[in-house]
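Nothing fancy with the numbering, it's 1 onward along the sequence. Atom set for the values below is all heavy atoms of this structure, side chains included, hydrogens, waters and symmetry mates excluded.
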Amino acid sequence: MFTLHVALASAVLSAGSPVAPGLQADLSFFITSAGPGNGAALGGLEGADKHCATLAEAAGVRGKTWRAYLSQQAIAGKPAVNARDRIGTGPWKNAKGVVVAASVDDLHSDNNKLSKDHSLTEKGAVVNGRGDTPNTHDILTGSTLDGRVQAGDGDSTCSNWTSSAATGSALLGHHDRQGGGANPTSWNSAHASRGCGQDNLRATGGAGLFYCFAV
């Protein structure tokens, strides 16, 4: 009996932490429950991807490769990267098992299911939107409506996700599909931020959150 108990305990430990209660093991899309805490300075695309993986693993979802939905500009020796090209092919499910998009084209169409109710964190929680306190509906993307890096020389990615300065800017989406800006109902390209620091992001209703997709 003692041997059996030891074997069972060993099996549980080797399996790692279980998936959080109510969370789907096939989770493949979420909004970060928290950003790194330094505004839009995410450590570049690599740092953002690592943050996605860390949060997913903490929630008990393992064995997946995660990519942040972020574009990158062709500056400082970095090549241009489109967010839509780095997230795989889909489909993607939220923490409750809802398919939010079947493909990249579906994700960037009016048919996607992204909304305040469906764009959940890795823990399955709803993210505050317009009308909530605090409002944190501004999501970092650095992307245009079709998921590509913005053309031109203006800063649209807070220096490729390395800046937390009061200057600079990044394109933001509204996860709740409402608010102000040029495209207030867009999940990925509603308006630009007024600076790159944590306080700057808070000023228009953000917290340095971003979207994560399993590839």
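- With rounding to the nearest 0.5 Å, the separation of CG in N188 from CZ in R84 is 10.0 Å.
- Judged by distance alone, the side chain of H175 and the main-chain N or O of I139 form no donor-acceptor pair under 3.5 Å.
- Applying ring pair (Phe, Tyr, Trp, His ring centres under 6.0 Å) to F30 and the options Y211, W92, F213, W66 leaves one that passes, W66.
- With rounding to the nearest 0.5 Å, the separation of CG in N183 from CG in L172 is 12.0 Å.
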Side chain to side chain contact (heavy atoms under 4.5 Å, CB included) between Q73 and D155, worked out: CA-CA 8 Å; Q73 294 177 273; D155 189 12; 3.4 Å; yes
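- Between the side chain of S189 and the backbone N or O of S143, at least one donor-acceptor pair lies under 3.5 Å.
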Worked check of side-chain hydrogen bond (donor to acceptor under 3.5 Å, both in side chains) between S33 and E122: CA-CA 7 Å; S33 58; E122 76 282 358; 2.6 Å; yes
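- G124 approaches A95 most closely through the heavy-atom pair CA-CB, 3.5 Å.
- Alongside V99, the hydrophobic cluster contains no other residue (criterion: ILVMFWY side chains under 4.5 Å).
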Steps toward side chain to side chain contact (heavy atoms under 4.5 Å, CB included) verdict (D49, R86): CA-CA 10 Å; D49 293 345; R86 58 189 324 270; 2.8 Å; yes
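- Residues C196 and S164 have side chains not in contact (no heavy-atom distance under 4.5 Å, counting atoms from C-beta outward).
- The side chain to side chain contact (heavy atoms under 4.5 Å, CB included) test applied to Q150 returns T144, S156, L171, not counting sequence neighbours.
- Note on V127 and L55: separate hydrophobic clusters, where clusters join Ile, Leu, Val, Met, Phe, Trp and Tyr whose side-chain heavy atoms are under 4.5 Å apart, directly or indirectly.
- Contact record, F29 with S119: CE2-CA, 3.8 Å, taken as the closest heavy-atom pair.
- Atom SG of residue C52 and atom CD1 of residue I31 lie 11.5 Å apart, to the nearest 0.5 angstrom.
- With a 6.0 Å radius and a threshold of 12 heavy atoms from other residues, nucleotides or ligands, K93 has its NZ atom at or below the threshold.
- Tracing side-chain contacts under 4.5 Å through hydrophobic residues (I, L, V, M, F, W, Y), one never reaches V81 starting from V149; they form parts of separate clusters.
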Chi angles and distances behind the side chain to side chain contact (heavy atoms under 4.5 Å, CB included) call for I75, N160: CA-CA 8 Å; I75 55 175; N160 283 341; 3.3 Å; yes
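- Nearest heavy atoms, F210 versus P36: CE2-CD, 4.2 Å.
- At distances below 3.5 Å, not a single donor-acceptor pair connects side-chain atoms of N94 with backbone N or O atoms of L120.
- Annotation: side chain of T167 is not in contact with side chain of N200 (no heavy-atom distance under 4.5 Å).
- Within 6.0 Å of NZ on K64 lie more than 12 heavy atoms contributed by other residues, nucleotides or ligands.
- Contact annotation: the side chain of D132 approaches that of K116 to within less than 4.5 Å [non-hydrogen atoms, C-beta and beyond].
- Contact record, L201 with S193: CD2-CB, 3.9 Å, taken as the closest heavy-atom pair.
- The shortest non-hydrogen separation linking C158 to A170 is SG-CB, 3.7 Å.
- Formation of a donor-acceptor pair under 3.5 Å by the Q178 side chain with backbone atoms of P184 is not found in this model.
- Taking the charged nitrogens against the carboxylate oxygens, R194 and D199 have no contact shorter than 4.0 Å, which rules out a salt bridge.
- Atoms CG and CG, on D176 and L114 in that order, are 12.0 Å from each other to the nearest 0.5 Å.
- Atom CZ in R202 sits 13.0 Å away from atom CG in D138 (nearest 0.5 Å).
- Counting only distance, with no hydrogens or angles, the side chain of T162 and the backbone of G44 share no donor-acceptor pair below 3.5 Å.
- Looking only at side-chain heavy atoms (C-beta outward), L209 and L140 stay at 4.5 Å or farther from each other.
- Atom-to-atom distance recorded for T185:OG1 and R177:CZ is 6.0 Å, nearest 0.5 angstrom.
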H51 and T32: CA distance, side-chain angles, deciding distance, side chain to side chain contact (heavy atoms under 4.5 Å, CB included) verdict: CA-CA 8 Å; H51 191 64; T32 57; 4.0 Å; yes
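- Between S71 and G147, the shortest heavy-atom contact is OG-O, 3.9 Å.
- Side chain of S103 to main chain of D106: a donor-acceptor pair is present (N/O by atom type, distance under 3.5 Å, no hydrogens or angles).
- Residue pairs meeting the ring-ring contact (aromatic ring centres under 6.0 Å, His included) criterion with at least one member in residues 93-119, sequence neighbours excluded: Y69-H108, H108-W187.
- With no hydrogens or angles considered, no side-chain donor-acceptor pair links N128 and H137 at under 3.5 Å.
- Between T204 and H191, some side-chain heavy-atom pair lies under the 4.5 Å cut-off.
- Under the 3.5 Å distance criterion, the side-chain polar atoms of N112 are left unmatched by any main-chain donor or acceptor of V100.
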